[in-house]
Amino acid sequence: MRIGIVILPDQRWAVAGERWERAERYGFDHAWTYDHLGWRDLVDGPWFDAVPTLTAAAARTSRIRLGTWVASPNFRHPVHFARETLALDDISAGRLLLGVGAGATGFDAGVLGTPPLTPRERVDRFEEFLGLYSRLLTSDHVSFEGAYYSAVDARTLPGPVQQPRPPLIVAANGPRGLRLAARHGDGWATTGAMFTDDETAWWKSVAEASARFDAALADAGRPGPDRYLSLDSSPVYSLSSARAFEDAVGRAAELGFTDVVTHWPRESSWYAGSEDVLETVAGMLPALRKS
């Protein structure tokens, strides 16, 4: 079991930089930040971009893997994002992880003034995004014309440090998304059922999603990639206590997940909690990996 943590990009670097250093010092395997232009009811507060945040984090750390949780086609174009990816992979000396998703409704989907997409159209766009983005990470001189994206002789030298590309972690819960994750992903990430107050029902939804992913992998004829679970989509915040975290990690392991992701405690609102619990959990990480 590998254990990661999300550090929201809602603090100035004087505060955030120290958190990324602590995440590495605490012994987390990977650290992530949200890739949004604004997120839920935090949209009216401070918020910073994922790419420069990860660039700065790469300069402040040396071991921990760094990633987007998750990059969104709502505002990312595969050609430009591939260039950003190459730079991040180089600056981090091959520590980059690429979490990508279909892009939800909300602020990101509307802030650029683009017409809203139906759920089917969002998955259509995501399929096109993944296909082009994957080509750009592994090929040079890429041309493509699709319904949502175009590329004309796109250049991608020198290519990524990680070969054949940085790991692509595809976030998906629905049937088509799971098939895309099975076909394109080096890893699969899930939140389980969103916005439920029933913890038992949430864990049941995670088990059901995992079973559907097994079926998608069988249809794709691929061996199983890594599996990432966002623990804090549960109605119980994983860092509400050390016992809660230990229990969540154990249940994820029983369901076959190779990686779990928690969130840095905030003073209020989303992921409200205590950094004292975080420090206690940090001391438990070696034992939890073996559980």
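No experiment lies behind these values; they were computed from the predicted model shown.
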Checking [X] side chain against [Y] main chain: does a donor-acceptor pair fall under 3.5 Å?
X: Ser230; Y: Val261; result: no
X: Arg122; Y: Ala104; result: no
X: Trp32; Y: Arg65; result: no
X: Asp232; Y: Tyr237; result: no
X: Trp264; Y: Ile5; result: no

Run the side-chain contact (heavy atoms from CB on, under 4.5 Å) check on Val281 and Tyr26 step by step: do they pass? CA-CA 9 Å; Val281 165; Tyr26 284 157; over 6 Å; no
Hydrophobic cluster identity match, [X] and [Y], side-chain contacts under 4.5 Å:
X: Phe75; Y: Trp69; answer: no
X: Trp202; Y: Val236; answer: no
X: Trp47; Y: Leu54; answer: yes
X: Leu137; Y: Val161; answer: no
X: Val43; Y: Phe48; answer: no

Compute whether any side-chain donor of one residue and acceptor of the other, for [X] and [Y], lie under 3.5 angstrom apart.
X: Ser143; Y: Asp153; result: no
X: Thr262; Y: Ser238; result: yes
X: Arg95; Y: Thr61; result: yes

Charged N-O contact under 4.0 Å between [X] and [Y]:
X: Asp89; Y: Arg165; value: no
X: Glu121; Y: Arg125; value: no
X: Arg179; Y: Glu127; value: no
X: Glu24; Y: Arg60; value: no
X: Arg212; Y: Asp219; value: no

Counting heavy atoms not belonging to Arg243, are there more than 12 under 6.0 Å from its CZ? no
Is the CD atom of Glu267 crowded by more than 12 outside heavy atoms at less than 6.0 Å? no
Among Tyr228, Phe257, Trp188, ring-ring contact (aromatic ring centres under 6.0 Å, His included) partner for Phe213: Trp188
Centroid-centroid under 6.0 Å between Phe81 and Tyr133 rings: yes
For residues Tyr34 and His263, establish whether the separation of their ring centroids is below 6.0 Å. yes
